[in-house]
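Below is one structure, written out as C-alpha coordinates; comments come after it.
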Amino acid sequence: MPELPEVETTVRGLERVLKGRKLVRVEPRRPDLRRALPPDLGQRLTGARVTDLGRRAKYGTISTDRGDTLVFHLGMSGKWRIDPAELDKHDHFVIETDEGRRLALNDARRFGSLDLVPTDELAAWPAFAALGPEPMDLTARELQRKLAGRNAAIKLLLLDQSIVAGLGNIYVCEALYRAGIHPRRPGGSVSLARLERLVVAIKEVLAEAIEAGGSTLRDYAAPNGELGYFSKAFAVYDREGKPCSCGGTVKRIVQGGRSTFYCPRCQR
DNA sequence: AGATATTCCTGGAGGC
DNA sequence: TGCCTCCAGGAATATC
(Lines give C-alpha, C1' and ligand atoms only; values in the text may rest on other atoms or scores of the structure.)
Protein backbone atom coordinates (compact mmCIF):
# COMPACT_ATOMS: atom_id res chain seq x y z
CA MET A 1 0.00 0.00 0.00
CA PRO A 2 2.77 2.37 -0.81
CA GLU A 3 2.11 6.07 -0.97
CA LEU A 4 4.68 8.77 -1.60
CA PRO A 5 6.70 8.30 1.63
CA GLU A 6 7.01 4.56 1.08
CA VAL A 7 8.14 5.07 -2.50
CA GLU A 8 10.65 7.69 -1.38
CA THR A 9 12.01 5.31 1.24
CA THR A 10 12.16 2.52 -1.32
CA VAL A 11 14.09 4.66 -3.80
CA ARG A 12 16.60 5.64 -1.13
CA GLY A 13 17.09 1.97 -0.27
CA LEU A 14 17.51 0.98 -3.92
CA GLU A 15 19.95 3.81 -4.50
CA ARG A 16 22.44 2.31 -2.07
CA VAL A 17 22.49 -0.93 -4.03
CA LEU A 18 22.09 0.32 -7.59
CA LYS A 19 23.67 3.72 -8.09
CA GLY A 20 26.70 3.46 -10.35
CA ARG A 21 26.29 -0.30 -10.69
CA LYS A 22 26.10 -2.30 -13.88
CA LEU A 23 23.13 -4.61 -14.35
CA VAL A 24 24.58 -7.99 -15.25
CA ARG A 25 21.31 -9.92 -15.24
CA VAL A 26 17.73 -8.75 -15.81
CA GLU A 27 14.95 -11.26 -15.57
CA PRO A 28 11.28 -10.50 -16.15
CA ARG A 29 9.57 -13.55 -14.66
CA ARG A 30 6.16 -12.93 -16.19
CA PRO A 31 5.08 -10.88 -19.21
CA ASP A 32 2.78 -8.51 -17.33
CA LEU A 33 1.91 -6.85 -14.06
CA ARG A 34 -1.06 -4.53 -14.28
CA ARG A 35 -0.15 -4.03 -17.94
CA ALA A 36 2.20 -5.82 -20.30
CA LEU A 37 5.89 -5.26 -19.59
CA PRO A 38 7.98 -3.87 -22.48
CA PRO A 39 8.88 -6.99 -24.46
CA ASP A 40 12.51 -5.89 -24.83
CA LEU A 41 12.90 -4.89 -21.17
CA GLY A 42 15.58 -7.46 -20.38
CA GLN A 43 17.54 -6.78 -23.53
CA ARG A 44 17.53 -3.01 -23.07
CA LEU A 45 18.62 -3.14 -19.43
CA THR A 46 21.14 -5.96 -19.44
CA GLY A 47 24.67 -4.54 -19.37
CA ALA A 48 23.47 -0.99 -18.68
CA ARG A 49 24.90 1.05 -15.84
CA VAL A 50 22.56 2.80 -13.40
CA THR A 51 23.23 6.53 -13.33
CA ASP A 52 20.40 7.92 -11.20
CA LEU A 53 17.39 7.03 -9.12
CA GLY A 54 14.46 9.28 -8.41
CA ARG A 55 10.79 9.58 -7.58
CA ARG A 56 7.82 11.34 -9.16
CA ALA A 57 4.59 11.11 -7.14
CA LYS A 58 4.25 7.38 -6.36
CA TYR A 59 6.53 6.31 -9.21
CA GLY A 60 10.16 5.34 -8.73
CA THR A 61 12.69 5.88 -11.52
CA ILE A 62 15.93 4.07 -12.32
CA SER A 63 17.92 5.72 -15.13
CA THR A 64 20.75 4.10 -17.08
CA ASP A 65 23.67 5.23 -19.22
CA ARG A 66 21.79 3.98 -22.27
CA GLY A 67 19.32 6.85 -22.09
CA ASP A 68 16.45 4.74 -20.75
CA THR A 69 14.62 5.10 -17.45
CA LEU A 70 12.89 2.18 -15.81
CA VAL A 71 9.73 3.54 -14.18
CA PHE A 72 8.13 1.41 -11.50
CA HIS A 73 4.86 1.77 -9.64
CA LEU A 74 4.29 -0.42 -6.59
CA GLY A 75 0.51 -0.45 -6.88
CA MET A 76 -0.87 -1.63 -3.57
CA SER A 77 1.19 -4.64 -2.66
CA GLY A 78 4.46 -3.99 -4.47
CA LYS A 79 7.85 -3.91 -2.75
CA TRP A 80 11.47 -4.46 -3.69
CA ARG A 81 13.25 -7.24 -1.86
CA ILE A 82 16.98 -6.80 -1.44
CA ASP A 83 19.15 -9.90 -1.67
CA PRO A 84 16.34 -12.38 -1.03
CA ALA A 85 17.63 -15.79 0.08
CA GLU A 86 15.28 -17.37 -2.40
CA LEU A 87 12.68 -16.14 -4.83
CA ASP A 88 9.00 -16.67 -4.22
CA LYS A 89 6.12 -16.85 -6.64
CA HIS A 90 5.39 -13.11 -6.44
CA ASP A 91 8.92 -11.99 -7.32
CA HIS A 92 7.99 -10.88 -10.83
CA PHE A 93 11.12 -9.01 -11.90
CA VAL A 94 14.67 -9.67 -10.77
CA ILE A 95 17.89 -7.78 -11.43
CA GLU A 96 21.45 -8.53 -10.42
CA THR A 97 24.34 -6.07 -10.19
CA ASP A 98 28.02 -6.42 -10.95
CA GLU A 99 28.58 -6.56 -7.19
CA GLY A 100 26.43 -9.68 -6.96
CA ARG A 101 23.53 -7.92 -5.28
CA ARG A 102 20.07 -9.10 -6.27
CA LEU A 103 16.81 -7.11 -6.24
CA ALA A 104 13.37 -8.62 -6.70
CA LEU A 105 10.21 -6.66 -7.41
CA ASN A 106 7.56 -8.54 -5.46
CA ASP A 107 3.90 -7.71 -6.06
CA ALA A 108 1.31 -10.25 -4.97
CA ARG A 109 -1.66 -8.32 -6.31
CA ARG A 110 0.07 -7.14 -9.47
CA PHE A 111 -1.46 -3.66 -9.42
CA GLY A 112 2.01 -2.27 -10.02
CA SER A 113 3.67 -1.47 -13.33
CA LEU A 114 7.06 -1.39 -15.06
CA ASP A 115 7.78 0.84 -18.04
CA LEU A 116 10.91 1.80 -19.91
CA VAL A 117 10.90 5.42 -21.08
CA PRO A 118 13.58 7.44 -22.88
CA THR A 119 15.02 9.63 -20.13
CA ASP A 120 14.76 12.83 -22.14
CA GLU A 121 11.05 12.17 -22.75
CA LEU A 122 10.14 11.44 -19.13
CA ALA A 123 8.37 14.72 -18.41
CA ALA A 124 6.21 14.27 -21.52
CA TRP A 125 5.47 10.60 -20.79
CA PRO A 126 1.64 10.54 -20.55
CA ALA A 127 1.47 9.14 -17.03
CA PHE A 128 3.84 11.87 -15.79
CA ALA A 129 2.39 14.66 -17.91
CA ALA A 130 -1.00 14.11 -16.24
CA LEU A 131 0.37 14.53 -12.72
CA GLY A 132 -0.18 17.62 -10.59
CA PRO A 133 2.56 19.18 -8.48
CA GLU A 134 4.58 17.28 -5.92
CA PRO A 135 3.03 17.86 -2.47
CA MET A 136 6.24 19.45 -1.23
CA ASP A 137 5.94 22.09 -3.99
CA LEU A 138 2.23 22.71 -3.43
CA THR A 139 0.99 26.14 -2.42
CA ALA A 140 -2.40 27.05 -0.98
CA ARG A 141 -2.99 29.45 -3.87
CA GLU A 142 -2.43 26.75 -6.44
CA LEU A 143 -4.63 24.31 -4.56
CA GLN A 144 -7.33 26.95 -4.32
CA ARG A 145 -7.17 27.48 -8.08
CA LYS A 146 -7.48 23.75 -8.74
CA LEU A 147 -10.38 23.30 -6.32
CA ALA A 148 -12.32 26.35 -7.48
CA GLY A 149 -15.84 25.45 -8.54
CA ARG A 150 -15.41 21.81 -7.64
CA ASN A 151 -18.34 20.34 -5.76
CA ALA A 152 -16.80 16.93 -5.11
CA ALA A 153 -15.65 16.07 -1.59
CA ILE A 154 -12.24 17.40 -0.62
CA LYS A 155 -11.18 13.87 0.34
CA LEU A 156 -11.78 12.61 -3.20
CA LEU A 157 -10.15 15.61 -4.83
CA LEU A 158 -6.98 15.14 -2.79
CA LEU A 159 -6.77 11.57 -4.08
CA ASP A 160 -6.89 12.90 -7.66
CA GLN A 161 -3.27 12.72 -8.82
CA SER A 162 -3.78 15.57 -11.29
CA ILE A 163 -4.58 17.95 -8.43
CA VAL A 164 -1.69 16.93 -6.20
CA ALA A 165 0.49 13.95 -6.99
CA GLY A 166 1.49 11.32 -4.48
CA LEU A 167 -1.19 11.25 -1.80
CA GLY A 168 -3.13 8.06 -1.11
CA ASN A 169 -5.94 7.11 1.21
CA ILE A 170 -3.94 7.01 4.43
CA TYR A 171 -2.13 10.33 4.24
CA VAL A 172 -5.18 12.15 2.88
CA CYS A 173 -7.14 11.03 5.95
CA GLU A 174 -4.32 12.09 8.25
CA ALA A 175 -3.77 15.46 6.56
CA LEU A 176 -7.48 16.36 6.65
CA TYR A 177 -7.56 15.46 10.31
CA ARG A 178 -4.59 17.67 11.09
CA ALA A 179 -6.12 20.53 9.15
CA GLY A 180 -9.51 20.10 10.87
CA ILE A 181 -11.36 19.76 7.56
CA HIS A 182 -14.36 17.45 7.18
CA PRO A 183 -13.68 14.91 4.40
CA ARG A 184 -17.12 15.44 2.85
CA ARG A 185 -16.73 19.19 2.50
CA PRO A 186 -17.00 20.30 -1.14
CA GLY A 187 -13.52 21.11 -2.44
CA GLY A 188 -14.47 24.54 -3.73
CA SER A 189 -15.91 25.57 -0.36
CA VAL A 190 -12.67 25.36 1.63
CA SER A 191 -11.40 28.84 2.48
CA LEU A 192 -7.90 29.96 1.58
CA ALA A 193 -7.02 30.14 5.27
CA ARG A 194 -7.99 26.51 5.73
CA LEU A 195 -6.18 25.50 2.55
CA GLU A 196 -3.08 27.10 4.04
CA ARG A 197 -3.48 24.83 7.04
CA LEU A 198 -4.11 21.86 4.79
CA VAL A 199 -0.99 22.40 2.71
CA VAL A 200 1.10 22.64 5.88
CA ALA A 201 -0.56 19.47 7.21
CA ILE A 202 0.14 17.57 3.99
CA LYS A 203 3.79 18.56 4.00
CA GLU A 204 4.19 17.72 7.68
CA VAL A 205 2.53 14.32 7.57
CA LEU A 206 4.57 13.29 4.53
CA ALA A 207 7.84 14.58 5.99
CA GLU A 208 7.21 12.70 9.23
CA ALA A 209 6.41 9.53 7.30
CA ILE A 210 9.57 9.79 5.23
CA GLU A 211 11.50 10.39 8.43
CA ALA A 212 9.97 7.27 9.97
CA GLY A 213 10.70 5.34 6.79
CA GLY A 214 14.28 6.49 6.91
CA SER A 215 14.62 5.14 10.40
CA THR A 216 13.34 1.72 9.27
CA LEU A 217 15.61 1.57 6.23
CA ARG A 218 17.66 -1.05 8.04
CA ASP A 219 14.60 -3.27 8.21
CA TYR A 220 13.76 -2.53 4.62
CA ALA A 221 17.18 -3.74 3.50
CA ALA A 222 16.87 -6.96 5.46
CA PRO A 223 16.55 -10.21 3.53
CA ASN A 224 12.81 -10.36 3.96
CA GLY A 225 12.54 -6.96 2.30
CA GLU A 226 9.59 -5.90 4.38
CA LEU A 227 8.78 -2.23 4.29
CA GLY A 228 6.12 -1.05 6.67
CA TYR A 229 4.01 2.03 6.56
CA PHE A 230 4.92 4.97 8.66
CA SER A 231 4.44 2.92 11.76
CA LYS A 232 3.87 5.69 14.24
CA ALA A 233 0.24 5.40 15.24
CA PHE A 234 -2.09 7.16 12.85
CA ALA A 235 -4.41 9.68 14.43
CA VAL A 236 -7.47 8.48 12.53
CA TYR A 237 -6.60 5.98 9.80
CA ASP A 238 -7.94 2.48 10.57
CA ARG A 239 -9.04 3.69 14.00
CA GLU A 240 -12.81 3.44 13.64
CA GLY A 241 -14.51 3.54 17.05
CA LYS A 242 -11.33 4.46 18.86
CA PRO A 243 -10.91 7.69 20.79
CA CYS A 244 -9.59 10.87 19.25
CA SER A 245 -7.36 12.98 21.49
CA CYS A 246 -10.22 15.51 21.72
CA GLY A 247 -12.37 12.96 23.53
CA GLY A 248 -14.48 12.26 20.45
CA THR A 249 -14.67 8.97 18.56
CA VAL A 250 -13.12 8.27 15.18
CA LYS A 251 -15.72 7.55 12.52
CA ARG A 252 -15.50 5.59 9.26
CA ILE A 253 -17.46 6.50 6.14
CA VAL A 254 -17.17 5.33 2.53
CA GLN A 255 -16.32 7.80 -0.23
CA GLY A 256 -15.72 6.75 -3.80
CA GLY A 257 -15.81 3.15 -2.65
CA ARG A 258 -13.05 3.50 -0.11
CA SER A 259 -12.86 4.09 3.61
CA THR A 260 -12.42 7.53 5.08
CA PHE A 261 -11.56 7.88 8.77
CA TYR A 262 -12.12 11.17 10.56
CA CYS A 263 -13.09 12.79 13.85
CA PRO A 264 -16.52 14.46 13.65
CA ARG A 265 -15.61 16.76 16.52
CA CYS A 266 -12.29 17.98 15.15
CA GLN A 267 -13.19 18.14 11.48
CA ARG A 268 -15.76 20.54 10.12
C1' DA B 1 -16.49 18.61 -18.41
C1' DG B 2 -17.44 16.56 -13.79
C1' DA B 3 -19.07 12.83 -11.04
C1' DT B 4 -19.53 8.04 -10.17
C1' DA B 5 -18.91 3.07 -10.83
C1' DT B 6 -16.22 -0.71 -12.31
C1' DT B 7 -12.12 -3.25 -13.28
C1' DC B 8 -7.68 -5.49 -12.35
C1' DC B 9 -5.54 -9.28 -8.20
C1' DT B 10 -4.41 -11.83 -4.00
C1' DG B 11 -4.17 -12.62 0.84
C1' DG B 12 -6.00 -11.93 5.17
C1' DA B 13 -9.93 -11.42 8.26
C1' DG B 14 -14.22 -12.66 9.85
C1' DG B 15 -18.67 -15.34 9.68
C1' DC B 16 -20.89 -19.70 9.84
C1' DT C 1 -11.31 -27.40 10.53
C1' DG C 2 -12.84 -25.50 6.09
C1' DC C 3 -15.47 -22.89 3.03
C1' DC C 4 -17.52 -18.64 1.88
C1' DT C 5 -17.75 -13.64 1.41
C1' DC C 6 -15.83 -9.31 1.91
C1' DC C 7 -12.33 -5.98 1.99
C1' DA C 8 -7.89 -3.40 1.22
C1' DG C 9 -5.23 -0.53 -2.02
C1' DG C 10 -4.03 2.92 -7.04
C1' DA C 11 -5.21 4.26 -11.36
C1' DA C 12 -7.17 3.39 -15.90
C1' DT C 13 -11.47 2.93 -18.12
C1' DA C 14 -16.39 3.20 -18.87
C1' DT C 15 -20.79 5.35 -18.28
C1' DC C 16 -23.86 8.64 -16.89
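A note on names: the letters A, B, ... follow the listed sequences, proteins ahead of strands, and every chain is numbered from 1. Since the structure is predicted, the reported quantities are computational estimates derived from the model, not experimental observations.
Atom CD of A:Gln255 and atom P of B:dT6 are 17 Å apart (whole Å). The distance from atom CD1 of A:Ile163 to atom P of C:dG10 is 16 Å, rounded to the nearest whole Å. A:Leu158 places its CG atom 14 Å from the P atom of C:dA11, with the value rounded to the nearest Å. Rounded to an integer number of Å, the gap from A:Leu159 CG to C:dA11 P is 9 Å. Between the CG atom of A:Asn169 and the C1' atom of C:dA8 there is a distance of 9 Å, given to the nearest Å. When rounded to the nearest whole Å, the span between CG of A:Leu74 and C1' of C:dA8 equals 16 Å. Protein atom CG of A:Asp107 is 11 Å distant from nucleotide atom C1' of C:dG10, rounded to whole Å. What separates CZ of A:Phe261 from P of C:dC7 is a distance of 12 Å, to the nearest Å.
Checked options A:Gln255, A:Lys155, A:Arg258, A:Glu174; the residue passing with A:Asn169 is A:Lys155 (criterion: side chain to side chain donor-acceptor pair (under 3.5 Å)).
Among the nucleotides C:dG10, C:dA8, C:dA11, the one closest to the side chain of A:Glu3 is C:dG10.
With respect to the salt-bridge test (charged N to carboxylate O, under 4.0 angstrom), the residues A:Asp91 and A:Arg81 qualify. A salt bridge is defined here as a Lys NZ or Arg NE, NH1 or NH2 lying under 4.0 Å from an Asp or Glu carboxylate O, and A:Arg34 with A:Asp32 fails to meet this definition. The residues A:Lys58 and A:Glu8 are annotated as not salt-bridged, no charged nitrogen and carboxylate oxygen being separated by less than 4.0 angstrom.
By the 6.0 Å contact criterion, CZ on A:Arg141 is open, its count of non-hydrogen atoms from other residues, nucleotides or ligands being 12 or less. A:Lys203 NZ: more than 12 foreign heavy atoms inside a 6.0 Å radius.
For A:Arg34 against C:dA11, a side-chain-to-base donor-acceptor contact under 3.5 Å is present.
Rounded to 10°, the helix from B:dG2-C:dC16 to B:dC16-C:dG2 has 50° between the axis fitted to its first five pairs and the one fitted to its last five.
Under the 4.5 Å side-chain criterion, counting only non-hydrogen atoms from C-beta, A:Glu6 is not in contact with A:Leu74.
In summary, the side chains of A:Thr119 and A:Thr69 do present a donor paired with an acceptor at a separation below 3.5 Å, with no hydrogens or angles considered.
The stretch residues 182-198 of chain A participates, sequence neighbours left out, in no salt bridge (charged side-chain N to carboxylate O under 4.0 Å, His left out) pair at all. The salt bridge (charged side-chain N to carboxylate O under 4.0 Å, His left out) analysis of residues 122-134 of chain A, with sequence neighbours excluded, yields the pairs A:Arg55-A:Glu134, A:Arg56-A:Glu134.
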What are the atom names and distances for every N/O pair under 3.5 Å that joins the protein to nucleotides 1-4 of chain B?
{"unit_1": "B:dA3", "atom_1": "OP1", "unit_2": "A:Asn151", "atom_2": "N", "d": "3.1"}
{"unit_1": "B:dA3", "atom_1": "OP1", "unit_2": "A:Ala152", "atom_2": "N", "d": "3.1"}
{"unit_1": "B:dA3", "atom_1": "OP2", "unit_2": "A:Arg150", "atom_2": "NE", "d": "2.9"}
{"unit_1": "B:dA3", "atom_1": "OP2", "unit_2": "A:Arg150", "atom_2": "NH2", "d": "2.8"}

Polar atoms only, N or O, under 3.5 Å: list the protein pairs with nucleotides 9-13 of chain B and their distances.
{"unit_1": "B:dC9", "atom_1": "O4'", "unit_2": "A:Arg109", "atom_2": "O", "d": "3.4"}
{"unit_1": "B:dT10", "atom_1": "OP1", "unit_2": "A:Arg110", "atom_2": "NH1", "d": "3.1"}
{"unit_1": "B:dT10", "atom_1": "O2", "unit_2": "A:Arg109", "atom_2": "NE", "d": "3.3"}
{"unit_1": "B:dG11", "atom_1": "OP1", "unit_2": "A:His90", "atom_2": "NE2", "d": "2.8"}

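Residue A:Ser259 is in sugar-phosphate contact alone, with no base atom involved, counting any heavy-atom pair closer than 4.0 Å across all strands shown.
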| request: Output, in order, the C-alpha distance, side-chain angles, deciding distance and verdict of salt bridge (Lys or Arg N to Asp or Glu O under 4.0 Å) for A:Arg35 and A:Asp115. | output: CA-CA 9 Å; A:Arg35 307 187 300 272; A:Asp115 293 280; 2.2 Å; yes

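Counting Ile, Leu, Val, Met, Phe, Trp and Tyr side chains that sit under 4.5 Å apart, directly or through other members, A:Leu122 shares a hydrophobic cluster with A:Tyr59, A:Val71, A:Val117, A:Trp125, A:Phe128, A:Leu131.
The phosphate of C:dA11 has OP1 or OP2 within less than 4.0 Å of a side-chain N or O from A:His73.
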